[in-house]
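Encoded as structure tokens, the structure appears first; notes follow it.
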Amino acid sequence: MAGKEYLLFTKDTQSFIYNMQTNAVQRMLDFDYASGRKTPSVAAVINPTGADGFQKFFFGPKEILVPVYKSMKNAASRHKNVDVMINFASFRSAAASTEEAFGIPQIRTIVIIAEGVPERRMRELTAKAKQLNKVIIGPATVGGIVAGAFKIGNTGGTIENIMDSKLNRPGSVGFVSKSGGLSNEAYNIVAQNTDGLYEGIAIGGDRYPGSTLLEHLLRFEKNPEIKMLVCLGEVGGSDEYTIVEALKKKQITKPLVMWVTGTCSKAFKTEVQFGHAGAKAGSDAETADAKNAALKAAGAVVPNSFDDYGEKIGMVYKDLVKKKIIAPRPEPAAIKIPMDYNTAVKAKLVRRPANFISTISDDRGEELIYGNMPISEVFQKDIGIGGVLSILWFKKLLPGYATKFIEMAIMVTADHGPAVSGAHNTIVATRAGKDLISSLVSGMLTIGPRFGGAIDGAAQMFSEAYDSGKTPAQFIEDMKVKGVNIQGIGHLVKSVHNPDMRVTIISSYAKKHFKSTPLLDYAREVEKITTSKRDNLILNVDGCIGICFVDLLRSELTKQEADEYIKMGALNGLFVLGRSIGLIGHYLDQKRLKQGLYRHPWDDIAYMLPEKE
Amino acid sequence: MAQKAIREADGKRMIARLLKDYTNGKYTIDDTFVTVGPDTDLKKLPATYKWLTKEKLVVKPDQLIKRRGKSKLLLLNATWADVESWIKERMSKPVTVGTVTGILDHFIVEPFVPHNETDEYYLAILSERDGDQILFHHQGGVNVGDIDSKAARMKVPIGTLPAAADIEKQLLSNVPKERRFLIAGFIEGMFKFYADLNYTYLEINPFVVSKDRIIPLDLAAKLDDTAEFVSGKKWGGIKFPSPFGRMLSKEEAYIADLDSKTGASLKLTIINPEGRVWTMVAGGGASVIYADTITDLGFMNEMANYGEYSGDPNEEFTYLYARAILDLMTRKKNPRGKFLLIGGGIANFTDVANTFKGIMRALQEYKEKLKENKVKIYVRRGGPNYKEGLRVMRELGEQLGVPIEVYGPETHMTRIVSMALKGGK
């Protein structure tokens, strides 16, 4: 806590940041490190819409944890030394949170950043602050800075600018202005023409700021480290006349260089409101010209225009050096802040191998892109779900006949009634009260070698046999010897005499549209032999889809690519995708029917426990 | 966002609607104020407002014009027919008040209240840093004179309300005894109204006392528009008119429209289209200082525009903004040539090179016209990535064949003004 009344911020001051402002906090901590502070200037963040916890920040090269509290009271009780709150609340809630801070005795200085706090509310807060002997800086401000000691929020801009303007170590100049936007410029002017800034405050552009230009100048007057005062006033209001009075009454004795902006208002015919709420001349006395003249008459050093503001500041400084009131100090060694990784990347200073690669889609630009096709084109060209799938799975928009085939495969595999293991599991899980994803996954997890896996299995088995040049008879014989069932052959009820319509549709589409169907033809030869043994050993729907898909991929991709996709299990994906539609359907169906928990009946289970001896 | 003046009719209607709530229903004012705008159908008004054809009327423009009586912009004790033709004669026509010329487009019509001069009182409430002040004078009206020296004053500290008894004591000593109670209660209510509705200025001159009633005859007021989120509902969806005589040119309206489409800020006021000094300055504070410096160095008559861009507008917006200015400045040649000052202070976090992209695109497009008009360009800017920004600007100059001088934060912010106007140093 600052011991002296005129010091609001020192090298030991710690603050609360009201509202989660990660950038502002990081910038404060960067300044702290560059200034050689031992402790970070932010003790904690008060985040009224969040929960208690911690937030990670950099303090120089290492990372530190800054506590986050939901309640201001709680934060205060944990950090007794904190006497500054930097209030980033919006204009709607800034007054309420400032009032809350009034109720915490240890908080002495409150900075209000928001622009647009109602004037009457602000006047009430200011009066109350005075009663409680607290200081408000703002509203509508970026804040201020004590060089080398404490920086409010985003004051001073980037760390490069802070170093350029020598704000990392104290000088002899006390500066105060209304405008926060111009404070960087002012600190630069001070740095170029003097030994640098001691403290700079932007009181904010509102008509009734919580603290005035004069109040800060009087603080600076009392501070023995500050040897000269620099002030930037503004057209409108009468604040500058209080400075005139203070000069006349010798309340200000240190040299003051001051300029009031807005001298151009006489060039405008009608009333002009400049950027700031307070910047409007309501009477002749409120014009910049009148104020500049009054200040000059009262003894302030007033330049002829802003153009020689820097020269006048330099002149006063040199005079103070000559009078030995200021002794120039050697420049301390600069403490380097590591550059942020993102900044370094932007400046093309670093590179790093990526941990992930993606070659199928990109969501970073204006539009989502599949492959090389923006989403708008996906719809313009009406490539359908088959087209999207072919881009995302095979990195190529396949021709229309092929994407149509993909869609047919999805449609055909979408569902196979409630009795098969996938649907059954989904139904049981749904009835146990599980959510959609759990129920869906419960069914999905049954897909494998015995259920649903035949598409993939048939494709692999048949293409292997065909590629190795085995005749259909040899293939069947080999499998028999190995004692392995041929995947994709055989059906529970369908037979040669009672063909499966799904197989008919798929195979006739392939025969009609595919460029060639060598594997399908091969499978039909195999089927001829197996059905001669038993008439239900037909090419079933899983086999048909799998085999046709191999034919399709081989005619659109290189054989090597096609085989790789089949090995990777792309065809399993086809079944999983299709069947998800059905499984979700069963989930919704059970929910809609409000089906209760399923319990398997005892009489359907053969209990065969070892008997008691 | 600041104190904004409102139309007289809006203020009076607000009093008519709400004063009773602030005085326990003791003071009521009839809502007999009609606004006539450019689209109002005069023929239809008497059907809605029956009193228009039954009473004698007053009509005057309602456009934030001061001392309308003295400028003969007031018709008293008139019939509806008189009012109709008086408005028709003036609607959408220019009129000069003092040094300002503007188009008349809003009028207020209200009943004429016959009264004696001794019934007229002056009331104003104004806001100051540590409280509000009530000004009262027992001789109100057009000839009130120097109110600052004449008026009785009462200071009301912020956060408090004045009691009727204190008002009577401090303000009403020159008012006939029998009227004091009535007027004190009125002022007490008006103060509550003023504070609760976030007024920042309110002047009623005069209000008249007619038997046991109080009627405000003339009113001027300002609201704090930042309090819209608190008091907006009670204000009743009013609009803040532009000051009288502020007519936007086509280009100014275009920039105002761009401004409304972005979260950033784009402002343009044309001061003198024949001026030789044009500015395109980043930042509200810096832009004022550039205009100041042009004025202070004695070139006010050459200052063509005031404007600023800030809040990090994207490339497209800065391009459109720059193009509008380049278009204006290359319309009419001047044998002595022209200056374009692309100025700005040291930015906080805006990437300077990025903001220059749109401006550079516009400069390229206007290359030939800039040469024809003998335009010399001066650039001064600092902030993140400023070195890259200045480098590309310098390169552009060579490429365009238009003289561009480029400076960074090592050069005083406004030095380019004196360089351009005084041949530098």
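Sequence lines set the chain letters: A, B, ... in the order given, protein chains first and strands last, and positions in each chain run from 1. Worth saying up front: this structure is predicted, and the values here are computed from it rather than measured.
Ionic pairing of B:D351 and A:K346 is present here: one or more N-O contacts between side-chain nitrogen and carboxylate oxygen are shorter than 4.0 angstrom. With salt bridges taken as basic N to acidic carboxylate O contacts below 4.0 Å, none links A:E124 and B:R129.
Both the backbone and the side chain of A:T212 come within contact range of chain B, with heavy atoms under 4.5 Å apart. For B:N272, no part lies under 4.5 angstrom from a heavy atom of chain A. Neither the backbone nor the side chain of B:E388 comes within less than 4.5 Å of any heavy atom of chain A. In this structure, the portion of B:T200 lying under 4.5 Å from any heavy atom of chain A is its side chain and not its backbone. Within the 4.5 angstrom heavy-atom criterion, only side-chain atoms of B:L297, from C-beta onward, approach chain A. For B:A195, the parts lying under 4.5 angstrom from a heavy atom of chain A are both the backbone and the side chain. In this structure, chain A has a heavy atom under 4.5 Å from the side chain of B:V230, while its backbone stays farther away.
Here the two rings, on B:Y290 and A:F306, have centers that are 6.0 Å apart or farther.
To the nearest 0.5 Å, atoms OG (A:S93) and CZ (B:F229) are separated by 8.5 Å. Here B:T226 contributes atom OG1 and A:R121 contributes atom CZ; the two are 12.0 Å apart, rounded to the nearest 0.5 Å. Within the model, atoms CD1 of A:I189 and CE of B:M413 stand 7.0 Å from one another, a figure rounded to the nearest 0.5 Å.
Using a distance-only test at 3.5 Å, with no hydrogens or angles considered, no donor-acceptor pair links the side chain of A:R207 to the main chain of B:A2. The backbone N or O of B:H412 lies less than 3.5 Å from no partner atom in the side chain of A:Y309, so there is not a single donor-acceptor pair.
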Practice task
Output, in order, the C-alpha distance, side-chain angles, deciding distance and verdict of side chain to side chain contact (heavy atoms under 4.5 Å, CB included) for A:R123 and B:S127.
Solution key: CA-CA 10 Å; A:R123 289 191 292 148; B:S127 293; 3.3 Å; yes

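Among the residues in residues 158-166 of chain A, those with a non-hydrogen atom closer than 4.5 angstrom to a non-hydrogen atom of chain B are A:T158, A:N161. Heavy-atom neighbours of chain B within the stretch residues 125-133 of chain A, taken at a separation under 4.5 angstrom, comprise A:T126, A:A127.
There is a side-chain donor-acceptor pair under 3.5 Å between A:D307 and B:T414. Residues B:D296 and A:S305 have side chains that never bring a donor and an acceptor to within less than 3.5 angstrom of each other. B:N348 and A:N184 share a side-chain donor-acceptor pair at under 3.5 Å.
Remark: B:Y386 engages B:V352, B:L390, B:P409 in a side chain to side chain contact (heavy atoms under 4.5 Å, CB included) (not counting sequence neighbours). Applying the ring-ring contact (aromatic ring centres under 6.0 Å, His included) test to B:Y199 and every residue at least two apart in sequence or in another chain returns B:F193.
The only option from B:I271, B:I289, B:V288 that meets the side chain to side chain contact (heavy atoms under 4.5 Å, CB included) definition with A:C264 turns out to be B:V288.
Contacts with chain A were tallied for B:G382, B:S287, B:A291; B:A291 has the most, counting heavy-atom pairs under 4.5 Å. In terms of heavy-atom pairs under 4.5 Å with chain A, the best-connected choice from B:I346, B:T350, B:N301 is B:I346. The choice from A:T261, A:T263, A:N304 that makes the most heavy-atom pairs within less than 4.5 Å of chain B is A:T263.
Across B:N198 and A:P118, no two heavy atoms sit closer than the pair OD1-CB, 4.3 Å. Among all heavy-atom pairs drawn from B:M300 and A:A267, the shortest one is CG-CB, 3.7 Å. The two residues B:G345 and A:E185 make their nearest non-hydrogen contact at CA-OE1, 2.9 Å.
Within a 6.0 Å sphere centred on CD of B:E410, other residues, nucleotides and ligands contribute more than 12 heavy atoms.
No side-chain heavy atom of B:D224 sits less than 4.5 Å from a side-chain heavy atom of A:R120.
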